[in-house]
K.L.:
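This is the structure I have questions about; it appears just below.
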Amino acid sequence: MTVMSGCLSPRKAGILDHADRIATDRLAWREKNSFFHDEDERYLRFLIPPGSRVLDIGCGIGDTLASLAPSYGVGVDFCHKQIGIARQRHPDLTFVEGDAEDPATLDGLQGPFDFILVLDTIGSLEDCQKFIALLHPFCTRDTRLVIGYFSHLWYPVLKFAEFVGLRMPQPEQNVLSPSDLRGLARLADFDPVKSEQRVLSPVRMFGLGRFLNRFVSVLPGIRQLALRHYLVARSSRKAREEFASATVVVPARNERGNIEPAVQRIPDFCSDIEIIFIEGHSQDGTFEEMERVKQAYPSKDIKVMRQPGKGKADAVFTAFDAARGDVLIILDADLIMPPEQLPKFSEALLSGKGEFVNGSRLVYPMDDGAMRFLNLIANKIFSYLFSWLLNQRYTDTLCGTKVLRRSDYLRLKAGKAYFGDFDPFGDFDLIFGASKLNLKSVDLPIRYAARTYGETQISRFRHGWMLLKMVAFAFLKIKAI
């Protein structure tokens with residue numbers, strides 16, 4: 001499809017004319033600014049794993065799309081010369097010539113895609129909201145829209161760089177802040193999942209640029225000065241997805257007195273509920289009580305397991321692997337998260353409001369003795385740190401109740417090698433994995449009750465030290481890319 005400049009607005013015709021004139025020089029400009037492009041693509045590869053189905057709108061000569069190693073990659077650009085160069089350089093990818101704001105161009109594409117990449121193209125569009133709205137047909141629930149753009153604060157610096165020949169000349173661009181992009185996405189029925197700002201130095205600076213971009217540009221306060229901002233969003237129109245069954249996993253160690261109450265108090269929030277009790281080397285007869293309860297409630301689908309290893313993470317993931325439900329729910333056997341509140345978690349997932357639902361104990365007042373004061377302070381501090389690290393709000397990272405779809409757990413498990421076996425709790429395996437998958441996380445406030453049986457198995461200082469190490473771990477694996 002050849003784009004006729006006469007069909008375009010005067011502004012867009014001027015952008016097309018400019019693209020035609022600099023097409024043969026584009027590779028040379030990329031090589032001249034290779035450090036910046038390497039930094040940009042490094043973070044894009046963190047967001048978009050290899051082997052994904054990727055649609056790149058405004059693909060230029062296709063080098064960024066190729067760097068993502070897609071299993072199926074489609075690039076769209078309205079510049080005939082750039083599309084020709086892209087096809088020569090990357091014959092394994094598909095390139096389409098056409099105006100991405102023209103529905104006729106998009107109608108010819110074969111979707112859906114795992115990721116839709118709009119890198120800088122947002123600055124040349126006539127109607128950003130209308131364009132974003134055109135992308136819904138290429139989306140499933142799992143599809144993520146990734147928009148990358150220059151910070152509006154850097155606009156004078158970038159124009160000066162063009163003037164002195166350090167940057168490829170650009171026609172006048174839309175000036176958009178991160179909040180502008182989030183607002184446009186919402187208006188077009190795309191739900192922002194997370195946003196990030198990074199890159200303080202677009203040049204090597206004798207080796208200092210990589211250090212600044214990796215460790216400094218992401219720090220609170222400083223990140224607002226970064227050159228690049230990225231938005232990850234999902235289609236709100238495709239967010240809702242029915243499920244037929246659910247599995248409630250109840251890990252338990254020395255919780256004999258809470259096993260039968262758990263069964264009695266789990267409401268019928270779904271027509272098909274599986275309950276998996278998984279026991280962790282108890283000394284108070286917990287496993288025997290699980291077997292008794294299973295026999296006492298034959299009308300309920302109750303399974304009893306013994307975990308093969310140690311720690312809550314081993315118990316949870318062993319049970320998840322054996323679960324048959326479409327939705328996986330963790331309910332700690334201490335029942336300090338009242339089981340009666342599980343329907344709220346189920347509804348948050350079913351409605352599409354969240355894809356990873358995390359309980360929060362730190363919103364409503366607690367029962368006396370439900371949480372010790374030092375634990376409360378530590379939880380609030382770690383919640384702030386992890387909200388910054390993950391670019392999504394977490395008010396309570398250590399609440400045991402977490403809910404996600406089984407299909408998302410399987411994807412999380414497949415990518416678990418990125419983080420390795422670092423978490424004895426399992427909470428951060430799930431939280432970090434959900435962040436890496438770009439799942440929409442929501443905090444669900446719960447009423448936190450005091451224990452009625454047994455004692456807490458949390459050691460404030462030993463586990464607090466482990467949490468500090470996890471902050472450092474998350475910084476290196478998620479933030480300092």
Side-chain angles (χ1 to χ4, degrees), residues 240-308 312-352 354-359 399-410 426 430 444 446-454:
R240 184 181 176 91
E241 187 176 82
E242 300 287 337
F243 59 83
S245 58
T247 296
V248 180
V249 170
V250 187
R253 181 173 181 268
N254 296 325
E255 300 283 2
R256 178 176 55 83
N258 291 325
I259 302 305
E260 188 166 21
V263 173
Q264 294 170 337
R265 294 173 61 187
I266 293 174
D268 295 327
F269 59 87
C270 177
S271 61
D272 183 3
I273 299 176
E274 173 188 48
I275 301 173
I276 297 181
F277 286 108
I278 182 158
E279 188 271 334
H281 315 296
S282 301
Q283 297 177 344
D284 69 343
T286 296
F287 185 77
E288 290 73 20
E289 175 67 0
M290 290 176 177
E291 292 187 314
R292 185 195 72 77
V293 168
K294 177 181 178 180
Q295 297 301 319
Y297 295 86
S299 63
K300 295 184 180 291
D301 183 6
I302 300 175
K303 294 181 174 60
V304 175
M305 304 174 65
R306 269 194 170 120
Q307 70 177 99
K312 182 182 173 182
D314 175 76
V316 167
F317 296 133
T318 298
F320 275 8
D321 289 341
R324 63 171 181 82
D326 297 330
V327 171
L328 304 178
I329 301 173
I330 305 171
L331 175 67
D332 283 350
D334 55 19
L335 304 187
I336 53 181
M337 200 301 290
E340 292 82 2
Q341 299 192 38
L342 289 181
K344 294 198 300 184
F345 287 84
S346 171
E347 177 56 30
L349 201 71
L350 178 63
S351 67
E355 296 168 307
F356 180 75
V357 188
N358 179 66
C399 179
T401 307
K402 292 174 172 58
V403 181
L404 74 165
R405 293 181 184 273
R406 186 170 179 270
S407 58
D408 288 332
Y409 165 69
L410 294 175
L430 293 173
L444 200 157
I446 60 172
R447 295 285 180 183
Y448 189 43
R451 268 181 173 272
T452 58
Y453 175 89

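In this text, all values refer to a predicted model and were calculated from it rather than measured experimentally.
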K.L.:
Among Ile278, Thr247, Ile330, Ile276, which one satisfies side chain to side chain contact (heavy atoms under 4.5 Å, CB included) with Phe320?
P.N.:
Ile330
K.L.:
Can you give me the closest heavy-atom contact between Asn254 and Gln283, atom names plus distance?
P.N.:
OD1-N, 2.6 Å
K.L.:
Work out which heavy atom in Leu328 is nearest to a heavy atom in Ala323; give both atom names and the distance.
P.N.:
CD2-CB, 3.6 Å
K.L.:
Do Phe356 and Leu349 pass the side-chain contact (heavy atoms from CB on, under 4.5 Å) test, and can you show the C-alpha distance, the side-chain angles, and the key distance before you say yes or no?
P.N.:
CA-CA 8 Å; Phe356 180 75; Leu349 201 71; over 6 Å; no
K.L.:
Quick one: closest heavy-atom pair of Lys344 and Leu444, and the distance?
P.N.:
O-CD1, 3.4 Å
K.L.:
Would a distance-only check, ignoring hydrogens and angles, find a side-chain to backbone donor-acceptor pair under 3.5 Å from Glu274 to Arg324?
P.N.:
yes
K.L.:
For Glu279, run the side chain to side chain contact (heavy atoms under 4.5 Å, CB included) check against Glu255, Met290, Met305 and tell me which one passes.
P.N.:
Met290
K.L.:
So Asp332 and Thr401, side-chain contact (heavy atoms from CB on, under 4.5 Å) or not? Walk me through it.
P.N.:
CA-CA 7 Å; Asp332 283 350; Thr401 307; 5.9 Å; no
K.L.:
If you count heavy atoms of other groups shown closer than 6.0 angstrom to CG of Asp321, is the number above 12?
P.N.:
yes
K.L.:
Compare all side-chain heavy atoms of Asp326 with those of Glu241 and state whether any distance is below 4.5 angstrom.
P.N.:
no
K.L.:
How long is the span from the CD1 atom in Ile302 to the CD1 atom in Ile273, to the nearest 0.5 Å?
P.N.:
11.0 Å
K.L.:
Has Arg306 got its NZ or CZ under 6.0 Å from the middle of the six-membered ring of Phe287, at an angle within 45 degrees of the ring axis?
P.N.:
yes
K.L.:
Indicate the atoms forming the closest heavy-atom contact of Gly280 with Gln307, along with that distance.
P.N.:
CA-OE1, 3.1 Å
K.L.:
For a 4.5 angstrom cut-off between non-hydrogen side-chain atoms, does Phe269 reach Glu347?
P.N.:
no
K.L.:
Would you mind reporting whether Pro339 and Leu331 have side-chain heavy atoms less than 4.5 Å apart?
P.N.:
yes
K.L.:
Going from CG on Leu430 to CG on Asp408, what distance comes out if it is rounded to the nearest 0.5 angstrom?
P.N.:
11.5 Å
K.L.:
May I ask you to say whether Arg405 pairs ionically with Glu355, meaning some side-chain N is under 4.0 Å from a carboxylate O?
P.N.:
no
K.L.:
Might you work through the salt bridge (Lys or Arg N to Asp or Glu O under 4.0 Å) test for Asp301 and Lys303, ending with a clear yes or no?
P.N.:
CA-CA 7 Å; Asp301 183 6; Lys303 294 181 174 60; 3.1 Å; yes
K.L.:
Does the side chain of Thr286 come within less than 4.5 Å of Ile259's, by heavy atoms?
P.N.:
yes
K.L.:
Given Phe345 and Asn358, is the side-chain contact (heavy atoms from CB on, under 4.5 Å) satisfied, shown in steps?
P.N.:
CA-CA 8 Å; Phe345 287 84; Asn358 179 66; over 6 Å; no
K.L.:
Indicate the atoms forming the closest heavy-atom contact of Pro251 with Val316, along with that distance.
P.N.:
CG-CG2, 4.2 Å
K.L.:
Should the pair Glu289-Arg292 be classified as a salt bridge under the 4.0 Å nitrogen-to-oxygen rule?
P.N.:
yes
K.L.:
Quick check: closest heavy atoms across Ser245 and Gly325, and the distance to 0.1 Å?
P.N.:
OG-CA, 3.5 Å
K.L.:
Is the shortest side-chain N to carboxylate O distance from Lys312 to Asp314 below 4.0 Å?
P.N.:
no
K.L.:
Hey, is Arg253 close enough to Asp284 for a salt bridge, meaning N to O under 4.0 Å?
P.N.:
no
K.L.:
Could you walk me through whether Leu350 and Phe243 pass side-chain contact (heavy atoms from CB on, under 4.5 Å), step by step?
P.N.:
CA-CA 7 Å; Leu350 178 63; Phe243 59 83; 3.6 Å; yes
